[in-house]
Amino acid sequence: MSEYLMEVKNLVKHYPINGGVMMREVARVHALNGVSFKVKAGETLGIVGESGCGKSTLGKTLIRLHDHTSGEVTFQGEDFLAKKGKDLMAARREMQMIFQDPYESLNTRHTVENILTEPYDIHGIGTKEERIEWAKAALKKVGLSEQAMERFPHEFSGGQRQRIGIARAIALKPKVVICDEPVSALDVSVQSQVMNLMLDLQKEMGLTYLFIAHDLAVVKHISDRVMVMYLGNIVEFTDANSIYEKPLHPYTQALISAIPIPDPEHQGNRIILEGDIPSPINLPSGCAFHTRCRHAQDKCRMERPPLQDAPGTSGETHLVACHFAGNLPKV
Ligand code: ADP
């Protein structure tokens, strides 16, 4: 068995845009353009990049909320994307997702009891009494009292609602939890409480997290490794320390330089990213970042750089997709 829990190979997701009288496909949103990576059991893998770079699409395609266009996902040694029927149901128990807006992801017309017992209903696990006992235990685990059982999502604060979302996600004791900006909509003071809860649960249950955030500062403290995405591609992927200490891709460098430093003496060299992200309908030629890269050369406009070992590294410890990584042309 591989040391990896999940292996993703060349995953592509294009959303068709239909138009005209016949509603034929007139264009495509190139949301994921051949993404490959491996996930280790028990790690937290941070996935960062500006809004629209394909992070949510990656999460939703991995968990099969959205169909993939092409590519492979191996989960626990098996072809996850080929699974159907009962096999798929069983595999789905092992992979859950937490969403940014718990209000949207929870059925607002259901009581917390219904919300938390539903996963057991769907999978036909336990008696009615057992399901209720497990739901109560899950509430306790996320720091809420049993009194919450009869209440509705709107009766809770944002942080409490996210705790309910987490309780639901862990109900079936999954191996992997895909966390799509789970604290972005919460007040800063509540963010750290929810993050701490997630870290405690990870330790206790041996969970593997794929943690999506648009903000590098959020993933900084919790990630073992960090993947940086730009326009549906991975541009850099390494351990959390290296990504902050020696980022090699000009895009990662710009993201890191934008993290505020709480020290007025320390000015830092902030790199301003020029222009908007190009449309994923018409991707730029060559390196998709070249239109905003201050180091771009002719080669960057013509050839797409592969994601490969950074100069001086081997064994996929630090991957980067830049023709000039480690030797950026002067600006
Ligand atoms: P992120 O999570 O990084 O903000 P998304 O994965 O949500 O990015 O979006 C990537 C691209 O795919 C965006 O251009 C977005 O508009 C587009 N997109 C996302 N979901 C859909 C959909 N259901 N139909 C069409 N386009 C979509």
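In listed order, ligands and their atoms are each counted from 1. Excluded from the calculations below are hydrogen atoms, water molecules and symmetry mates; all remaining heavy atoms, backbone and side chain alike, are included.
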Margin query: Lys55 versus ligand 1: do any nitrogen or oxygen atoms come within less than 3.5 Å of each other?
Written below: yes
Item checked: Gly49 touching ligand 1 at heavy-atom level, < 4.0 angstrom -> no
Next item on the list: Answer yes if the ring centres of Tyr15 and His66 are under 6.0 angstrom apart, and no otherwise.
Entry: yes
Notebook entry, point to check: Of all the non-hydrogen atoms in the protein, which one sits nearest to atom 23 (N) of ligand 1, and at what distance?
Noted result: Tyr15 CE2, 3.6 Å
Next item on the list: Please determine if Glu204 and Lys141 form a salt bridge, counting it only when a charged side-chain N lies under 4.0 Å from a carboxylate O.
Entry: yes
Notebook entry, point to check: Heavy-atom distance from atom 16 (O) of ligand 1 to the protein below 4.0 Å?
Noted result: no
Check: When you measure from the centre of the six-membered ring of Tyr251, is the NZ or CZ of Arg292 under 6.0 Å away and within 45° of the axis?
Finding: no
Notebook entry, point to check: Ion pair present between Asp121 and Arg131, side-chain N to carboxylate O less than 4.0 angstrom?
Noted result: yes
Next item on the list: May I ask you to say whether Lys140 pairs ionically with Glu146, meaning some side-chain N is under 4.0 Å from a carboxylate O?
Entry: no
Next item on the list: Answer with yes or no after comparing the ring centroid distance for Phe289 and His249 against a 6.0 Å cut-off, counting only values under it.
Entry: yes
Next item on the list: Report yes if some N/O of Ala31 lies less than 3.5 Å from some N/O of ligand 1; otherwise report no.
Entry: no
Note to self: Closer than 4.0 Å to some heavy atom of Ser51 - which atoms of ligand 1 meet that?
What the structure shows: 4 (O)
Margin query: Please list, in number order, the atoms of ligand 1 under 4.0 Å from a heavy atom of Cys53.
Written below: 1 (P), 3 (O), 8 (O)
Margin query: Considering both backbone and side-chain atoms of Gly52, is one of its nitrogen or oxygen atoms within less than 3.5 Å of a nitrogen or oxygen in ligand 1?
Written below: yes
Item checked: Candidate with minimal heavy-atom separation from atom 2 (O) of ligand 1, of Ser56, Gly232, Pro16 -> Ser56
Margin query: Heavy-atom pairs closer than 4.0 Å: do any link ligand 1 to the side chain of Thr57, the backbone, both, or neither?
Written below: both
Next item on the list: Please identify which atoms of ligand 1 are closer than 4.0 Å to at least one heavy atom of Pro280.
Entry: 14 (O)
Check: Checking Lys220 against Tyr244: charged group under 6.0 Å from the ring centre and within 45 degrees of the axis?
Finding: yes
